[in-house]
Amino acid sequence: MADERIQRERVTVRETGSDRETYELGRFLGKQAEPGQIYSLDGELGVGKTVFAQGFAAGLGIEEIVNSPTFTIVQQYDKGRLPLYHFDVYRIKDVEEMEEIGYEDCFYGDGVCLIEWSRLIGEILPENIIQVEIEKDLEKGFEYRRVTIKGM
């Protein structure tokens, strides 16, 4: 149990200086992803969450075009080494909407979940997720991003 807690508390910080580097970091994590994992992806509008998600999908071997499923809430990709359930819960008003789309099948299935704006549904997220936070710092340049990864 203590090892499990330590595992969740691990924090890695990466800095990227371009969309390409953010994409490559996502791709690296996608290659590491295992069945049943849930990645939360948070950050303000325009910080690069979609670029990261596109790289993550590429790391899973998904060749389809990946965009944020803002209006559909979840997009499923099956043509990689693992299924990817890409959520964008920005427009969720109530977590009951997640129940309506059958989130539990995705969260507890054999695929990988990547959830943009996950803080909006924090009350239904399992405890052992991998948290990814992307932040910009305009003082370091428009393309600069600080990516904090917890629980990996």
Side-chain angles (χ1 to χ4, degrees), residues 3-92 98 101-122 124-137 140-152:
D3 290 337
E4 205 172 291
R5 185 171 32 83
I6 291 168
Q7 175 70 16
R8 281 192 309 252
E9 292 174 359
R10 283 195 188 138
V11 176
T12 302
V13 176
R14 295 284 185 256
E15 295 179 330
T16 65
S18 67
D19 282 349
R20 186 73 194 159
E21 289 179 12
T22 302
Y23 176 95
E24 289 300 328
L25 178 58
R27 189 159 121 356
F28 174 79
L29 291 177
K31 285 183 174 184
Q32 310 284 322
E34 297 176 5
Q37 287 183 323
I38 297 174
Y39 289 76
S40 68
L41 182 55
D42 290 292
E44 297 300 317
L45 283 170
V47 296
K49 292 184 298 293
T50 300
V51 170
F52 179 92
Q54 290 167 339
F56 191 90
L60 288 170
I62 295 167
E63 296 178 1
E64 295 172 63
I65 295 172
V66 173
N67 292 310
S68 283
T70 304
F71 294 100
T72 58
I73 309 299
V74 65
Q75 179 67 44
Q76 182 174 337
Y77 301 92
D78 292 317
K79 295 189 177 169
R81 69 177 175 83
L82 296 171
L84 172 63
Y85 304 101
H86 181 201
F87 289 82
D88 183 332
V89 298
Y90 183 74
R91 298 199 185 287
I92 291 285
M98 292 295 289
I101 62 172
Y103 80 91
E104 289 180 332
D105 292 339
C106 301
F107 281 20
Y108 303 105
D110 292 330
V112 177
C113 291
L114 182 64
I115 308 167
E116 294 187 44
W117 298 98
S118 70
R119 288 187 181 135
L120 298 174
I121 60 165
I124 64 170
L125 292 175
E127 191 174 306
N128 58 344
I129 64 172
I130 298 166
Q131 299 170 306
V132 180
E133 173 82 26
I134 303 176
E135 302 169 285
K136 278 191 168 192
D137 182 345
K140 293 186 177 186
F142 184 75
E143 295 293 323
Y144 171 86
R145 288 167 180 89
R146 176 185 165 102
V147 182
T148 305
I149 305 160
K150 295 178 184 174
M152 207 161 165

With [X] via side chain to side chain contact (heavy atoms under 4.5 Å, CB included) - residues at least two apart:
| X | result |
| --- | --- |
| Asp78 | Gln76, Pro83 |
| Ile130 | Gln37, Tyr39, Ile149, Met152 |
| Phe28 | Gln32 |

Nearest heavy-atom neighbours spanning [X] and [Y]:
| X | Y | answer |
| --- | --- | --- |
| Leu60 | Gly30 | CD2-O, 3.4 Å |
| Ser118 | Leu125 | O-CD1, 3.8 Å |
| Glu21 | Glu15 | OE1-O, 4.3 Å |
| Trp117 | Asp88 | CD1-OD1, 3.3 Å |
| Cys113 | Phe87 | SG-CE1, 4.0 Å |

ring-ring contact (aromatic ring centres under 6.0 Å, His included) against Tyr144, all qualifying residues, sequence neighbours excluded: none
Got [X] and [Y] here, is their nearest side-chain heavy-atom distance under 4.5 Å?
| X | Y | value |
| --- | --- | --- |
| Thr148 | Glu135 | yes |
| Arg146 | Asp137 | no |
| Val112 | Glu34 | no |

Interatomic spacing from CG in Leu114 to CG in Leu29 - rounded to 0.5 Å: 10.0 Å
Reported CD1-to-CG distance for the pair Ile38 and Asn128, which is rounded to 0.5 angstrom: 7.0 Å
Derivation and outcome, side-chain contact (heavy atoms from CB on, under 4.5 Å), residues Ile73 and Met98: CA-CA 9 Å; Ile73 309 299; Met98 292 295 289; 4.3 Å; yes
Output side-chain donor-acceptor pairs under 3.5 Å for residues 44-59, partner residues at least two apart or in another chain, one line each.
from: Lys49; atom 1: NZ; to: Gly43; atom 2: O; distance (Å): 2.9
from: Lys49; atom 1: NZ; to: Glu44; atom 2: O; distance (Å): 2.9
from: Thr50; atom 1: OG1; to: Ser68; atom 2: OG; distance (Å): 2.7
from: Gln54; atom 1: NE2; to: Val66; atom 2: O; distance (Å): 2.8

Qualifying salt bridge (Lys or Arg N to Asp or Glu O under 4.0 Å) pairs with a residue from residues 102-120, counting only residues at least two apart or across chains: Arg119-Glu133
Trace of the side-chain contact (heavy atoms from CB on, under 4.5 Å) decision for Ile92 with Leu120: CA-CA 8 Å; Ile92 291 285; Leu120 298 174; 5.5 Å; no
Heavy-atom donor-acceptor pair, Arg145 side chain to Glu143 backbone, under 3.5 Å: yes
Stepwise side-chain contact (heavy atoms from CB on, under 4.5 Å) test for Ile62 and Lys79: CA-CA 6 Å; Ile62 295 167; Lys79 295 189 177 169; 5.8 Å; no
